[in-house]
Structure formats: C-alpha cells, structure tokens
*Asks:* 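I am attaching a structure below and will ask some questions about it afterwards.
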Amino acid sequence: MNRPFNFSAGPAVMPEEVLAQAAAEMLDWHGSGMSVMEMSHRGKEFGQIATEAEADLRELLEVPSHFKLLFMQGGGLAENAIVPLNLSRGETADFVVTGSWSQKSAQEAARYCTAHEAANTQSSGFTMLADPASWQLSKQPAYVHLCSNETINGVEYQALPNLKALGCDAPLVIDFSSHVASRPVDWSRVGLAFGGAQKNLGPAGLTLVVVRDDLLDRALPICPSAFTYKTVADNASMYNTPPTYSIYIAGLVFKWLKRQGGIAAMEARNITKAELLYGAIDSSALYLNRVEKHCRSRMNVPFYLRDEALNDAFLAGARERGLLQLKGHKSVGGMRASIYNALPIEGVQALVSYMRDFEAQHG
Ligand SMILES: *Cc1c(COP(=O)(O)O)cnc(C)c1O
C-alpha cells in the first residue's frame with residue numbers, strides 16, 4: 001500500500017504506526033477478547049486506557065497539577081458556548097479577533113454574555129496579529145479569549161500574551177485546536193485551553209479542555225450538567241459516556257509522541273517543515289503567502305497561485321502525485337497545506353518538489 005500525503009486541516013493525517021497498532025488490536029485488546037469500542041467505560045480495561053492517556057498527555061504538555069485535564073465532546077465549536085457558560089458569569093468577556101475561529105467564538109459567546117472585541121485584524125484580511133499593547137481590554141472582563149493558531153487564516157501566536165503585564169487579572173482562554181502538541185504551552189499565562197482532537201491529537205469526537213482549578217466554580221445555572229467543567233472534573237471525565245474509542249486512539253498518539261521525543265522534538269521538526277514550505281513559497285514567482293512573517297502558522301500554511309486560473313491544474317497534478325486535500329478553505333480560496341505533527345517531512349519535501357515542477361511548467 002502506498003499511503004498518500006494528506007494535507008487536510010482536519011480530520012487530519014494520523015501516524016501510520018498508530019493506525020497499524022489499532023488495526024492489530026481491533027478485535028482483541030490485550031487479551032480481553034473485546035474491541036475497545038465494546039468495553040464499558042466504567043470497566044477496568046477502559047479505566048486503564050483513559051488513565052494512561054491522561055497521564056501521558058499531562059506529561060507531554062507539562063500541565064501543572066493545579067489544572068484539570070478533561071476529555072469532553074462537542075468539538076471546538078461547542079466550546080465556543082461551553083466556555084462562556086462556565087466562565088463568563090453572564091458578564092463581559094473580551095475577544096481578540098484575529099481570524100475566522102476567534103470571530104466565531106465571539107459571535108457564539110454573545111448569546112451568553114457581553115462579547116467585547118478587544119482587537120480585530122479583519123481589515124488586514126486576517127494576515128497579522130494585534131500587538132497586545134494595542135488591545136482595548138474592558139475594565140474587568142470575566143476572561144480574555146484568543147485563538148492561538150487560526151487554522152483558516154494561518155496566523156499563530158509565537159508567544160502567549162502576558163495579561164498581568166497588561167494590567168489585566170482575567171484568565172486567558174486559548175483555542176489551541178489546531179496546534180496543540182506541536183509546541184510547548186506556557187501555562188503560567190493560561191486559565192483555560194481547549195481543542196478538538198481531530199487536528200493534532202487523534203480522531204474527531206474528542207475535545208480536550210485544560211482548566212485551572214480556581215475557574216471551576218463559576219458556571220451559569222443554565223449550563224448543561226454534561227458540559228459543566230466542575231461536574232466533568234469531579235467525575236474524572238466520566239459523568240456521561242466519554243468518546244471511548246477516540247480516547248483510546250488519542251492515547252496511542254500520545255505514546256507515539258513520547259517515542260518521537262516529546263513536544264520539544266516535535267516542535268523542532270515542525271519548525272524544519274514550516275521553514276521548508278514557506279521558503280519555497282517566498283522564493284517563487286508563482287506562489288504567495290500573505291501572512292506577516294513573524295506570525296505565520298507552523299501548522300496551517302495557506303498560499304495562493306498568482307495566476308488563479310491555474311488552481312484546478314495545480315490540484316489535479318497534486319492528486320496525481322498523491323498530495324491530497326490541498327484546496328484552501330472556501331472562505332479564503334487558494335491552497336492550504338496543513339502540516340501537523342503526523343505529516344512527515346517527506347510529505348513537505350514531496351509538496352515542495354511538486355510546486356517547483358509545476359512552476360517550471362506553468363510559471
Ligand atoms: C477545527 C477548529 C475548530 C472547530 O472544531 P470542531 O471540532 O469542528 O467544532 C475550532 N477552532 C479551531 C482553531 C479549529 O481549528
């Protein structure tokens with residue numbers, strides 16, 4: 001079998017070793033005689049799977065002990081409602097709008113609280129981040145939300161802002177769906193982080209929430225019990241049936257990440273991959289990335305062909321070479337290469353080589 005290189009933004013490429021292990025264990029997990037998807041979430045076997053997954057992820061991401069790590073459902077979009085239901089107290093929350101996802105978060109939160117835009121970079125076409133010193137924070141926001149990697153627009157924070165240094169005591173909420181586990185997180189700056197698993201952690205259906213202990217007691221009475229962080233935490237993510245198979249596969253990904261050398265090693269590889277691809281784009285006369293260099297995403301690389309009439313030919317030629325899912329998001333057009341942890345350097349090399357050949361033919 002010749003696996004193609006999959007540049008999908010999510011659900012996305014998985015480590016081949018993980019898929020092979022899951023296949024080998026599909027009918028009989030460790031002599032249990034059962035597939036993991038047939039197990040009771042309250043049984044001893046699945047209990048071990050979930051406990052190890054949590055411990056491995058906590059170790060990988062270096063999550064301090066005063067944060068809870070929750071396995072939930074509903075994805076990033078559900079968190080856009082679940083976060084204000086849990087943290088806003090119905091008051092004002094601030095949003096730093098730097099792309100499609102933070103914009104969506106602000107819109108959804110406005111159903112539950114006052115959503116104040118502290119910054120908005122839309123006039124740049126979402127090609128930059130706003131300097132924290134320029135943010136118009138409200139007096140006492142319940143929290144400040146930002147998307148630390150904008151999957152559609154390809155902008156990424158290289159460092160998280162220090163709210164305290166800006167004179168703001170509020171907790172920082174980050175949507176790290178599309179770059180979690182690709183780089184370390186500075187937890188001293190974070191109150192809550194959430195992300196869907198389907199970009200960098202595993203299959204769709206699992207949502208990761210990492211929340212500081214002191215933020216567990218603020219939920220609005222209308223918050224559904226299954227989405228109340230304290231309830232989920234008090235029940236070790238088993239208040240209701242968790243997405244057991246997705247947790248199992250994510251757990252295999254965490255063990256794979258540890259075998260790769262952990263997050264620091266992944267970050268080094270991700271830097272190499274991103275530099276290779278951006279270098280090819282910047283040195284070409286055909287391809288173009290509009291994002292300011294210092295805030296370019298290492299995970300999601302949108303690019304355009306200067307002659308858009310060549311788009312279909314570019315995508316068709318890519319498919320022939322086994323380079324899949326390169327079409328840009330419909331809201332921005334062009335191309336997008338998502339180069340998550342599980343996308344090997346060989347995939348980026350193959351893409352760059354194809355881009356050069358295509359340019360030589362059509363440029
Ligand atoms: C994919 C994504 C989401 C949405 O996730 P769903 O699981 O589809 O709800 C939210 N935020 C970011 C940054 C994303 O990349």
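Only heavy atoms go into these numbers, but all of them, side chains included; no hydrogens, no water, no symmetry mates. Numbers here simply count residues along the sequence, with the first being 1.
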*Asks:* Considering only heavy atoms from C-beta outward, does the side chain of S297 approach that of H179 to under 4.5 Å?
*Replies:* no
*Asks:* Please check: side-chain N/O of N289 versus main-chain N/O of P302, any donor-acceptor pairing under 3.5 Å?
*Replies:* yes
*Asks:* Under the 3.5 angstrom rule, does the side chain of T228 hit a backbone N or O of T231 as a donor-acceptor pair?
*Replies:* no
*Asks:* Within the distance-only criterion (no hydrogens, no angle test), does the side chain of K273 pair as donor or acceptor with the backbone N or O of L343 below 3.5 angstrom?
*Replies:* yes
*Asks:* In terms of side-chain heavy atoms, does H116 have a donor or acceptor partner in S138 at a distance below 3.5 Å?
*Replies:* no
*Asks:* Looking at every heavy atom in both T98 and C147, which two are closest together, and how far apart are they?
*Replies:* OG1-O, 4.2 Å
*Asks:* I339 and side-chain contact (heavy atoms from CB on, under 4.5 Å): which partner among L276, V301, N270?
*Replies:* V301
*Asks:* Hey, is the main chain of V97 close enough, under 3.5 Å, to the side chain of E117 for a donor-acceptor pair?
*Replies:* no
*Asks:* Under the 3.5 angstrom rule, does the side chain of S124 hit a backbone N or O of F126 as a donor-acceptor pair?
*Replies:* yes
*Asks:* Are any side-chain N or O atoms of S246 and backbone N or O atoms of A204, one a donor and one an acceptor, separated by less than 3.5 Å?
*Replies:* yes
*Asks:* Is any side-chain heavy atom of L57 less than 4.5 Å from a side-chain heavy atom of F71?
*Replies:* yes
*Asks:* Tell me whether R336 contacts the main-chain N or O of S8 through its side chain, where contact means a donor paired with an acceptor under 3.5 Å.
*Replies:* no
*Asks:* Between V211 and N86, is any pair of side-chain heavy atoms under 4.5 Å apart?
*Replies:* no
*Asks:* Can you measure from CG (L305) to CZ (F358) and round to the nearest 0.5 angstrom?
*Replies:* 6.0 Å
*Asks:* Looking at E62, I want to see if its CD is surrounded by more than 12 non-hydrogen atoms of other residues, nucleotides or ligands under 6.0 Å.
*Replies:* no
*Asks:* For R296 and Y278, indicate whether the former's side chain and the latter's backbone hold a donor-acceptor pair under 3.5 Å.
*Replies:* no
*Asks:* So do L61 and I263 actually touch side chain to side chain, heavy atoms under 4.5 Å?
*Replies:* yes
*Asks:* How many angstroms lie between CG in L351 and CD1 in I281, if you round to the nearest 0.5 Å?
*Replies:* 8.0 Å
*Asks:* Would you check if the side chain of R298 reaches a backbone N or O of I271 as a donor-acceptor pair within less than 3.5 Å?
*Replies:* no
*Asks:* Measuring only between side-chain heavy atoms, which start at C-beta, is D175 closer than 4.5 Å to E79?
*Replies:* no
*Asks:* Nearest 0.5 Å, please: how far is OG1 in T272 from CD in E267?
*Replies:* 10.5 Å
*Asks:* Please determine if E108 and K104 form a salt bridge, counting it only when a charged side-chain N lies under 4.0 Å from a carboxylate O.
*Replies:* no
*Asks:* Under a 3.5 Å distance rule, please check whether N6 uses its side chain to pair with a backbone N or O of Q325 as donor and acceptor.
*Replies:* no
*Asks:* I want to check something: taking the side chain as every heavy atom from C-beta on, are W101 and L77 in contact at a cut-off of under 4.5 Å?
*Replies:* yes
*Asks:* Go through it in stages, so that I can follow the logic: the residues are L206 and Q73, the test is side-chain contact (heavy atoms from CB on, under 4.5 Å), and I'd like the CA-CA distance, side-chain angles, deciding distance and then a yes or no.
*Replies:* CA-CA 5 Å; L206 168 66; Q73 302 185 61; over 6 Å; no
*Asks:* Do E17 and Q21 come within less than 4.5 Å of each other through their side chains, counting heavy atoms only?
*Replies:* no
*Asks:* Nearest 0.5 Å, please: how far is OH in Y248 from CE in M37?
*Replies:* 9.0 Å
*Asks:* Mind jotting down which residue pairs meet the side chain to side chain donor-acceptor pair (under 3.5 Å) criterion with at least one end in residues 26-41? Sequence neighbours excluded, please.
*Replies:* E25-H30
*Asks:* Give me the ring orientation class for F314 and Y354: parallel if the planes are under 30° apart, tilted from 30 to 60°, perpendicular past 60°.
*Replies:* tilted
*Asks:* As an exercise, state the distance from CZ of R183 to CE of M299, rounded to the nearest 0.5 Å.
*Replies:* 8.5 Å
*Asks:* For Q136, I'd like to know if atom CD has over 12 heavy atoms of other residues, nucleotides or ligands within 6.0 Å.
*Replies:* no
*Asks:* Tell me whether K258 at atom NZ has more than 12 heavy atoms from other residues, nucleotides or ligands lying less than 6.0 Å away.
*Replies:* yes
*Asks:* Under 4.5 Å between any side-chain heavy atoms of S148 and L160, yes or no?
*Replies:* yes
*Asks:* Please tell me whether N341 and S182 have a donor and an acceptor in their side chains that are separated by less than 3.5 angstrom.
*Replies:* no
*Asks:* Consider only side-chain N and O atoms of Y340 and N300, and report whether a donor and an acceptor are under 3.5 Å apart.
*Replies:* yes
